[in-house]
Protein chains: 2
Amino acid sequence: MDPEGAATRTSVQARTGGSGTRRRGEALTGAIGLATLEELARTSFEELSFDKIAAAAGTGKAALYRRWSTPAELVLAALTDPATGFGDVPAAPRTGTLRADLIALLTRLARALEEPRGRALRPLIAHRHRHPELFEHVHRLVIRPHLEVLLTVLREAAERGEAAPERVTERVASVGPRMITLEAWECDQMDPREVEAVVDEVLLPLVQP
Amino acid sequence: MDPEGAATRTSVQARTGGSGTRRRGEALTGAIGLATLEELARTSFEELSFDKIAAAAGTGKAALYRRWSTPAELVLAALTDPATGFGDVPAAPRTGTLRADLIALLTRLARALEEPRGRALRPLIAHRHRHPELFEHVHRLVIRPHLEVLLTVLREAAERGEAAPERVTERVASVGPRMITLEAWECDQMDPREVEAVVDEVLLPLVQP
DNA sequence: TTCTTAGTGAACCATTCTGTTCCTTATTGC
DNA sequence: GCAATAAGGAACAGAATGGTTCACTAAGAA
């Protein structure tokens with residue numbers, strides 16, 4: 001059913017790091033992590049295998065088996081990594097205005113959704129019933145932290161008088177990320193002005209005092 | 001990678017219609033359509049095969065090949081069918097109040113998302129880049145019509161003075177369906193009061209004049 | 001009752017897939 | 001330079017997959 005056939009070579013095939021031909025240590029695990037997320041984004045978790053990841057990373061299966069025993073382990077490690085995944089926690093920008101804070105946060109999310117780490121979330125969320133443990137990590141690593149920081153931003157805006165206190169809820173905080181996420185999923189290419197439009201047309205009118 | 005193994009028999013295995021043992025005509029195609037959507041919901045389009053659909057529908061592959069030449073054809077037919085798919089077009093409820101209209105429409109959507117037809121949309125949307133022609137039909141059959149009828153509802157509410165005219169935009173109209181869609185995808189079980197909460201906590205404050 | 005059509009179950013066969021293993025050799029540290 | 005380690009490529013073996021085909025027979029019409 002997959003019209004694309006076998007995994008194709010990606011840019012990670014270009015050997016990087018050092019002047020040699022073989023990667024070792026962090027260079028190799030980094031490339032493997034990135035290839036994992038790209039392969040996951042390209043297909044789905046169920047279609048993921050060490051064979052495919054190894055091919056995409058330009059390495060041998062044995063190197064993968066030496067470090068991780070299942071693809072799930074590997075996916076989790078890649079997602080948790082601060083460099084390739086979501087190991088970095090989003091922080092409130094504190095620009096001083098609600099509009100700028102929202103734009104900064106949602107722009108950051110939109111960018112992440114276009115990277116391998118963000119694109120890899122799609123199959124994990126869409127197929128959550130098939131691997132609930134992995135989805136749980138997505139929720140803890142990505143969804144939850146974004147919601148929390150948006151709540152913080154809304155709370156502080158309410159204190160400054162920029163937002164109505166009764167609008168500081170999780171449901172309201174989830175509107176932005178959900179709009180951006182589905183926009184990214186439903187459209188070929190997200191317009192760079194989409195974030196500003198969502199903020200100006202939906203979020204600010206919604207929370208205004 | 002799929003932890004669930006082979007396709008399991010579903011309720012469509014129970015032979016229905018008439019007192020005989022074999023289904024013919026519409027009874028068989030209906031069961032095949034439903035099994036297709038359920039199998040699609042359970043796994044993904046790439047993992048879909050005539051072999052699996054036939055097994056899920058309790059019939060033989062030859063019966064499928066006699067009618068459709070590819071799973072894509074079959075999926076499209078099932079989605080377009082008024083009984084099993086989205087062949088019925090949503091209409092503006094025209095209850096007289098914006099709140100009731102929104103609740104009626106979004107409740108209808110939430111219910112559809114829980115049925116096989118709605119659950120089948122998830123892999124089609126999440127993997128749109130792998131079968132753009134199918135996604136295009138989803139957009140035309142489901143996403144677009146829901147957006148249009150919500151726009152109609154907003155427009156009429158604005159005329160009645162229930163909504164601000166500048167809030168009658170596609171982006172604002174897309175907030176409800178997107179909130180409901182991701183709520184359905186991210187949570188095990190959608191709380192029946194979720195629709196009312198989205199309407200009262202997000203949509204009405206957003207559009208109020 | 002007879003004849004035609006198509007539904008059902010299963011067999012067939014070539015291909016694909018993936019965990020396991022092994023050999024060669026690049027890399028690193030002493 | 002040498003020894004130890006592990007990276008990379010490939011082979012292996014068995015299972016799974018899915019399109020194709022066929023034989024039997026249920027169902028429906030005349």
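Atoms considered below: every heavy atom in the structure, side chains included; atoms not considered: hydrogens, waters and symmetry mates. Reminder, nothing fancy here: chain letters follow the sequence lines and each chain counts from 1.
Spacing between atom CD1 of A:I53 and atom P of C:dC17 amounts to 15 Å, rounded to whole angstrom units. The CZ atom of A:F45 sits 13 Å away from the P atom of C:dT18 (whole-angstrom rounding). Per the geometry, CG belonging to B:L64 stands 14 Å off C1' belonging to D:dT20, to the nearest Å. Residue A:E26 contributes atom CD, which lies 16 Å from atom P of D:dA6 at whole-angstrom precision. Between the C1' atom of C:dT16 and the CD atom of A:E46 lies a distance of 18 Å, rounded to the nearest Å.
Taking every side-chain heavy atom of B:F50 into account, D:dG19 is the closest of D:dG19, C:dG7, D:dT21. The side chain of A:R66 lies closest to D:dA6 when the candidates are D:dA6, D:dC22, C:dT18. The listed nucleotides are D:dT25, D:dG18, C:dT18; the one nearest the side chain of B:R22 is D:dT25. Closest to the B:L28 side chain, of the nucleotides D:dT20, D:dG8, C:dG7, is C:dG7.
Salt-bridge formation is detected for the pair B:R94/B:E156: a Lys NZ or Arg NE/NH1/NH2 atom is positioned less than 4.0 Å from an Asp or Glu carboxylate oxygen. Salt bridge present: B:D200 and B:R99 bring a charged side-chain N and a carboxylate O closer than 4.0 Å. B:R42 and B:E39 are joined by a salt bridge, as a carboxylate oxygen and a charged side-chain nitrogen come within less than 4.0 angstrom of each other. Ion pair A:E194/B:R171 flagged as a salt bridge, since at least one NZ, NE, NH1 or NH2 atom sits closer than 4.0 Å to an Asp/Glu carboxylate oxygen.
Between the side chain of B:K61 and the base of D:dG19 there is at least one donor-acceptor pair of N/O atoms closer than 3.5 Å. Not a single donor-acceptor contact under 3.5 angstrom links the side-chain atoms of A:R24 to the base of C:dT28. Between the side chain of B:K52 and the base of D:dG18, no donor-acceptor pair under 3.5 Å is found.
Comparing B:Y65 and B:A62 against DNA chain D, the residue whose closest nucleotide sits nearer the 5' end is B:Y65. In terms of position along DNA chain D, the nucleotide closest to A:G60 lies nearer the 5' end than the nucleotide closest to the other residue of the pair B:D51 and A:G60.
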